[in-house]
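Reviewing the structure listed below.
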2 protein chains.
Amino acid sequence: MSGMLTIGRLADYAGVTVKAIRHYHERGLLTEPGRDSSGYRRYTAEHAVRLIKIRTLARAGVPLARVKDLLDADPETLTAAIAEIDHDLEDRIAQLRRTRDQLAQLRGGDRLFVSPEVADLLDDLRDLGVSERAIQAERDGWILMRTASPEDAALWLTEKRELMTDPEFRALYLDHDAAYDWPPDDPRLPGLADRTRSWLAAHPSRFGTRPVRNPAIARLAARSQPGASSPAWERLARLMTGQAGVKG
Amino acid sequence: MSGMLTIGRLADYAGVTVKAIRHYHERGLLTEPGRDSSGYRRYTAEHAVRLIKIRTLARAGVPLARVKDLLDADPETLTAAIAEIDHDLEDRIAQLRRTRDQLAQLRGGDRLFVSPEVADLLDDLRDLGVSERAIQAERDGWILMRTASPEDAALWLTEKRELMTDPEFRALYLDHDAAYDWPPDDPRLPGLADRTRSWLAAHPSRFGTRPVRNPAIARLAARSQPGASSPAWERLARLMTGQAGVKG
DNA sequence: CTTGACCCCGCCCCAGGGGCAGGGTCCGAC
DNA sequence: GTCGGACCCTGCCCCTGGGGCGGGGTCAAG
């Protein structure tokens with residue numbers, strides 16, 4: 001009987017902890033071995049074999065209750081289950097690889113937070129010289145839009161891309177961006193308001209039937225983000241709605 | 001404020017469950033947003049961005065407590081941590097692949113339970129025509145040996161391989177194997193005992209200085225496994241120790 | 001004006017162990 | 001022959017990362 005294993009040796013051999021073995025006993029996965037005169041558990045090689053099977057399945061993410069069933073089941077059941085578990089494992093590996101890619105994106109950029117199409121748009125805006133503040137606001141707008149309606153967001157995105165091919169729109173976009181920091185009594189504001197109004201008049205929204213406004217305009221004029229406005233923009237809004245006066 | 005997100009929309013956008021979001025609030029990973037008039041949480045796009053960061057790190061297996069620290073830390077710390085986490089992820093992928101290989105071994109064979117060298121030995125024994133019962137016993141013996149002393153097991157394995165090149169030893173091994181099932185009064189037993197004794201006399205153990213017996217002999221004669229003996233083997237043992245009588 | 005989908009909070013549950021307390025035991029060195 | 005360190009025993013509570021459920025309030029579309 002000198003060849004029998006103590007729990008620690010068994011644990012080392014199988015590459016698990018002593019605690020785990022006792023846990024498997026509790027769950028009925030591994031039969032309790034006999035005890036020696038001082039109450040120590042004494043294991044045989046068969047326990048080691050069984051334990052390695054348990055460990056292998058458990059490491060593959062199989063719940064212990066199922067491990068128990070599988071090891072007590074007939075070989076065909078086990079074979080089928082192994083195929084399925086292997087499939088699962090393959091999926092998990094693929095998932096981890098995707099996670100790795102996303103992790104790399106975490107270091108910077110917006111690609112993680114918006115769809116690739118929106119990310120491309122944001123990159124184009126950046127190339128155009130749009131401020132980071134505006135790009136941030138733009139990004140947040142698209143996030144919100146997408147949560148409200150992914151399909152509409154896709155449509156609006158297409159429209160926005162078309163608009164960006166219009167030099168006048170691009171100029172207006174950049175000017176509005178710059179105007180953010182102007183003093184509210186800046187003399188350029190009325191002219192900008194006029195240009196914006198005539199552009200809007202010449203480009204009616206195509207989404208007339210839908211209860212949504214043109215996102216380009218939304219972007220230009222109706223920012224609901226808290227703290228996303230400025231004195232100059234507020235004045236601009238008043239100028240554009242024709243109220244040159246105090247408040248609306 | 002119509003652009004603000006309910007918890008469900010936010011959850012969908014980020015690809016997590018509502019429960020998880022509330023969990024992140026509890027752990028202080030995501031600040032609680034304001035509530036609307038009926039007590040519903042209302043989220044902004046910034047929450048979405050933060051949540052996606054949390055989700056990405058959490059999916060990479062980073063403990064939530066550390067996620068919190070990382071997202072509040074400076075960019076260099078984050079960058080360094082990401083590198084480390086990525087490394088970790090790589091390791092985990094490799095580990096999963098290994099688990100997949102082991103899972104495949106689970107369907108049969110002994111490669112999962114013993115070292116490759118021992119597995120090779122067992123395969124050779126099988127080729128030699130050794131019974132499954134003996135191979136099983138052999139395997140169990142090697143498991144036990146390895147747990148007792150991996151280095152000694154390796155030495156013994158080398159010796160065993162050498163012995164297996166000796167035709168006389170192979171013949172004895174097979175005969176002992178076959179003798180297991182013989183009746184205890186089988187007339188071939190005394191002859192086998194004699195051959196074994198002379199072989200042993202001609203091949204003294206090389207491990208004389210160590211307090212261990214030659215494993216080949218151990219394999220042949222001294223099986224301590226419960227139920228691993230037979231009437232014929234017991235008679236053989238008595239014959240070899242010279243006690244032709246009743247009991248030893 | 002109902003009906004289904006959504007939200008609130010709170011409480012208990014799971015796996016798969018880890019950690020610690022408070023004790024007994026074994027074995028090799030001295 | 002005894003001492004120290006490594007090992008073993010049981011039992012209990014703790015952790016992560018949520019899931020499930022119950023009992024209730026709310027919102028929006030038909």
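Letters A, B, ... mirror the listed sequences (proteins, then strands); counts begin at 1.
- A salt bridge is absent between Asp86(A) and Arg107(B): the closest approach of a Lys/Arg side-chain nitrogen to an acidic carboxylate oxygen does not fall below 4.0 angstrom.
- Using a 4.0 Å cut-off between a side-chain N of Lys or Arg and a carboxylate O of Asp or Glu, Glu138(B) and Lys160(B) qualify as a salt bridge.
- Using a 4.0 Å cut-off between a side-chain N of Lys or Arg and a carboxylate O of Asp or Glu, Arg97(B) and Glu90(A) do not qualify as a salt bridge.
- Within the nucleic acid shown, Arg35(B) comes within 4.0 Å of sugar-phosphate atoms alone, with no base atom in reach, counting heavy atoms only.
- Rounded to an integer number of Å, the gap from CD1 of Ile21(B) to C1' of dC8(C) is 14 Å.
- Contacts of Val67(B) with the nucleic acid, taken as non-hydrogen atoms under 4.0 Å apart, are absent.
- For dC8(D), one of the phosphate oxygens OP1 or OP2 lies less than 4.0 angstrom from a side-chain nitrogen or oxygen of Thr6(A).
- Distance Lys68(B) NZ to dG17(D) C1': 16 Å, rounded to the nearest Å.
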Go through the steps for Asp12(A) and Arg146(B) under the test salt bridge (Lys or Arg N to Asp or Glu O under 4.0 Å), then give the verdict. CA-CA 11 Å; Asp12(A) 284 352; Arg146(B) 164 130 234 172; over 6 Å; no
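- Separating the CG atom of Leu57(B) from the P atom of dT16(D) is a distance of 17 Å, rounded to the nearest angstrom.
- Ion pair Asp88(B)/Arg100(A) not flagged as a salt bridge, since none of the NZ, NE, NH1 or NH2 atoms sits closer than 4.0 Å to an Asp/Glu carboxylate oxygen.
- Between Arg9(A) atom CZ and dT25(C) atom P the separation is 20 Å, expressed in whole Å.
- Rounded to whole angstrom, the span from the CD atom of Glu26(A) across to the C1' atom of dC9(D) amounts to 13 Å.
- The distance between atom CZ of Arg41(A) and atom P of dG24(C), rounded to the nearest whole Å, is 18 Å.
- A straight line from OH of Tyr43(B) to C1' of dC8(C) spans 11 Å, rounded to a whole angstrom.
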Letter by letter from the 5' end, nucleotides 18-30 of chain D scores (B base, S sugar-phosphate only, - none; protein heavy atoms under 4.0 Å) BBBB---BBS---
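- For the salt bridge (Lys or Arg N to Asp or Glu O under 4.0 Å) criterion with Asp72(B), the lone passing option out of Arg66(B), Lys53(B), Arg50(B) is Arg50(B).
- Rounded to whole angstrom, the span from the CZ atom of Arg59(A) across to the C1' atom of dA15(C) amounts to 17 Å.
- Side chains of Arg27(A) and Val67(A) form no contact here, defined as non-hydrogen atoms less than 4.5 Å apart.
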